[in-house]
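Report on the following structure.
We're numbering straight along the sequence, starting at 1. Every number for a ligand or one of its atoms is a count from 1 in the order of the listing. Keep in mind that this is a model prediction, so the values were computed, not measured.
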Amino acid sequence: MPISQKEFQQRRQELMNHMASNSIAIVPAAVPSLRNGDTEFRYRQSSDLHYLTGFDEAQSVLVLIPGRAQGQCLLFCQEKDPLKELWNGKLLGPEAAIAALGLDDAFPIGDIDDILPGLLEGRERVYYAMGKDEHFDHRVMEWVKVVRKKVRSGAHSPGEFLMLDHLLHEQRLLKSKAEIDLMREAGQISVRAHQRAMQMTCPGLYEYEVEAEFMHEFFRAGSRAPAYTSIVAGGANACILHYVDNDQKLKDGDLLLIDAGCELHHYAADITRTFPVNGKFSPEQKAIYELVLKAQLAAIAEVKPGTTWNVPHDTTVQVLTAGLVELGLLHGAVDDLIKNSAYREFYMHRAGHWLGMDVHDVGDYKIDGRWRELEAGMVLTVEPGLYISPSNTRVDARWRGIGVRIEDDVAVTRGGHEVLTAGLAKTVQEIESLMAAR
Ligand code: GLY
Ligand code: MN
Ligand code: MN
């Protein structure tokens, strides 16, 4: 297992250390999602439950009760069942789960309605992520009601509900060495997939043929899924920020923007590269590309402990706006153009987001209304872009339809930062030489 049982135990302990006294946390599994009829999408465990257990079965619930003498870490999960296992694969079962996951106790999920009210009884606070799963929210309320009904016979029902997210997601935001190692591996698998795409791309291919190369490279490396739906956007499709149709023919003279990264053992990579379909940038494509690259490198250089979250973004805005003025795409004083957000016509998203088990990972960006400071162990993307709409008649026709984004994954380290997706061609020259060697 890529994350050791000891680390999962430490995560639970750390969470319990931060929970208020006399409290209980309830963490349910993800609900399987139907594709149609009785066919399900491949199951993906909730990041919170996986983070605390490494356990990937549906129909399970982790319960943490710090300080409980008869056991603090409890799991409800499916019982072993030869018929179910014949159809759907092995189940761990509560008996084996205790040792396999380092828990104090485990019970059949079918017994949860009988057991959970008893666990809630006498606890003052319940940590639970309300509002994500209506059905489970309702069950939690029902369990509390059971305790309330017994108040006259001396039972004490919880007085306070707290969002588990705050504690747990602050913890998830700071990655351990093992997590960074996994994210580097996910990054490097994704780097290889992007290299493969650059080397096979040529005019006449369909976008989905290039997407297939990503799937091949991801799956053969042990990744079971992309971390998000890959964006493979030829020409002006790059100006549709969440383009995922990926079904158009690649044209000679166009750029190809690919935003794709794998998920490895529940950790995401998120890389974007933009390169010429025919292997050679046109002068306009090169000018826009080099401006985005300049902004990206300047923003990455700012990533270090103590930098506030907005600094890399503000850096990209500064560099891009000044560059757009130089290219004649914006007119006026750079400071004014920034003040009145003129750049948003070409750069309408932020420069990045937290990255971790979720591609847009958990963790607050502001604390008490202020952008937070970066700390060693945080991982973020740096992904500026410029998108010139094909219908933008305010700019010269030669610029229209060019869309460029460059995205890498950056871990904050004690001494500064590490680019987890390093090694992938990024300068015009690196890209053109890699593509010339096809
Ligand atoms: N691929 C999603 C993003 O870059 O945020
Ligand atoms: Mn991306
Ligand atoms: Mn991203």
Tell me whether the Mn ion (ligand 3) has H353 as a neighbour, meaning an N, O or S atom of it below 2.8 Å.
yes
Below 3.5 angstrom, do we get any N/O pair linking H353 and ligand 1?
yes
Taking the basic N atoms (NZ, or NE/NH1/NH2) and the acidic carboxylate oxygens, is any pair closer than 4.0 Å for [X] and [Y]?
X    : Y    : value
R44  : D56  : no
D361 : K175 : yes
E432 : K280 : yes
K90  : D81  : no
E345 : R394 : yes

Where ligand 1 meets E407 - atom numbers and elements under 4.0 angstrom, heavy-atom basis:
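Near E407, meaning under 4.0 Å from one of its heavy atoms, ligand 1 has 4 (O).
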Measure D270 to ligand 1 on non-hydrogen atoms and call it side chain, backbone, both or neither using the 4.0 Å cut-off.
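Just the side chain.
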Is the Mn ion (ligand 2) less than 2.8 Å from an N/O/S atom of E383, whether that atom is in the backbone or a side chain?
no
Could you check whether any heavy atom of R405 sits closer than 4.0 Å to an atom of ligand 1, since that is the contact criterion I want to use?
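False for this residue.
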Whether H266 and H50 hold their rings parallel, tilted or perpendicular, with breakpoints at 30° and 60°:
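Plane angle under 30°, so parallel.
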Which label fits Y347 and Y343: parallel for a plane angle under 30°, tilted from 30 to 60°, or perpendicular past 60°?
tilted
In E407, the N/O/S atom nearest the Mn ion (ligand 2) carries the name OE1
So which of the N, O or S atoms of D270 lies nearest the Mn ion (ligand 3)?
OD2
Minimum-distance protein heavy atom relative to atom 5 (O) of ligand 1
H360 NE2, 2.7 Å
